[in-house]
Student: 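The structure that follows is given in the form of structure tokens.
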Amino acid sequence: MSERSQPNHCPYCGDDNLWPREAEQGLSAWECRSCLRSFGLKMFGLIPRPEVSS
């Protein structure tokens, strides 16, 4: 698994014209060349699976 996960679409306009950007403040940074916005992503961790009752 790579250190960088790529988003599938821009959270602002929904387009997929995304390019990696130099990391800022420890975030994985991306730029959308359709709406000209940049944004960052950060994974906080995994959530526990709910226990299934039989």
Side-chain angles (χ1 to χ4, degrees):
M1 186 169 185
S2 70
E3 291 182 28
R4 181 187 299 241
S5 294
Q6 181 173 352
N8 294 323
H9 63 276
C10 173
Y12 298 100
C13 72
D15 203 349
D16 61 357
N17 190 8
L18 302 177
W19 294 84
R21 184 179 171 106
E22 195 169 318
E24 298 176 14
Q25 301 174 0
L27 296 174
S28 172
W30 294 89
E31 62 183 45
C32 176
R33 294 193 179 165
S34 295
C35 68
L36 303 176
R37 291 183 173 140
S38 65
F39 58 94
L41 301 174
K42 182 173 182 171
M43 181 176 158
F44 292 106
L46 298 174
I47 58 172
R49 291 184 182 192
E51 293 185 26
V52 178
S53 302
S54 297

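Atom set for the values below is all heavy atoms of this structure, side chains included, hydrogens, waters and symmetry mates excluded.
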Student: Ignoring hydrogens, what is the shortest heavy-atom contact between D16 and N8? Give both atom names and the distance.
Tutor: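 Here D16 and N8 meet closest at CB-O, 3.6 Å.
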
Student: Is there a side-chain contact between Q6 and W30 in this structure, where contact means two heavy atoms from C-beta onward sitting under 4.5 Å apart?
Tutor: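 Q6 reaches W30 side chain to side chain.
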
Student: Do the side chains of L18 and F39 get nearer than 4.5 Å, heavy atoms only?
Tutor: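 In short, these two side chains touch, coming nearer than 4.5 Å.
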
Student: Kindly compute the distance separating CZ (R33) from CG (D15), expressed to the nearest 0.5 Å.
Tutor: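 Between atom CZ of R33 and atom CG of D15 there are 12.5 Å.
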
Student: Drop me the distance from W19's CH2 to S38's OG, to the nearest 0.5 angstrom.
Tutor: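 The OG atom of S38 is 16.0 Å from CH2 of W19, to the nearest 0.5 Å.
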
Student: For the CZ atom of R37 and the SG atom of C10, what is their distance to the nearest 0.5 Å?
Tutor: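 Between atom CZ of R37 and atom SG of C10 there are 7.0 Å.
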
Student: Please, which pairs that meet salt bridge (charged side-chain N to carboxylate O under 4.0 Å, His left out) have at least one residue in residues 43-54, sequence neighbours excluded?
Tutor: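 Output for this query is empty, none listed.
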
Student: Check S34 against N17 and note the closest heavy-atom contact, atom names and distance.
Tutor: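 It is OG-CB, 3.4 Å.
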
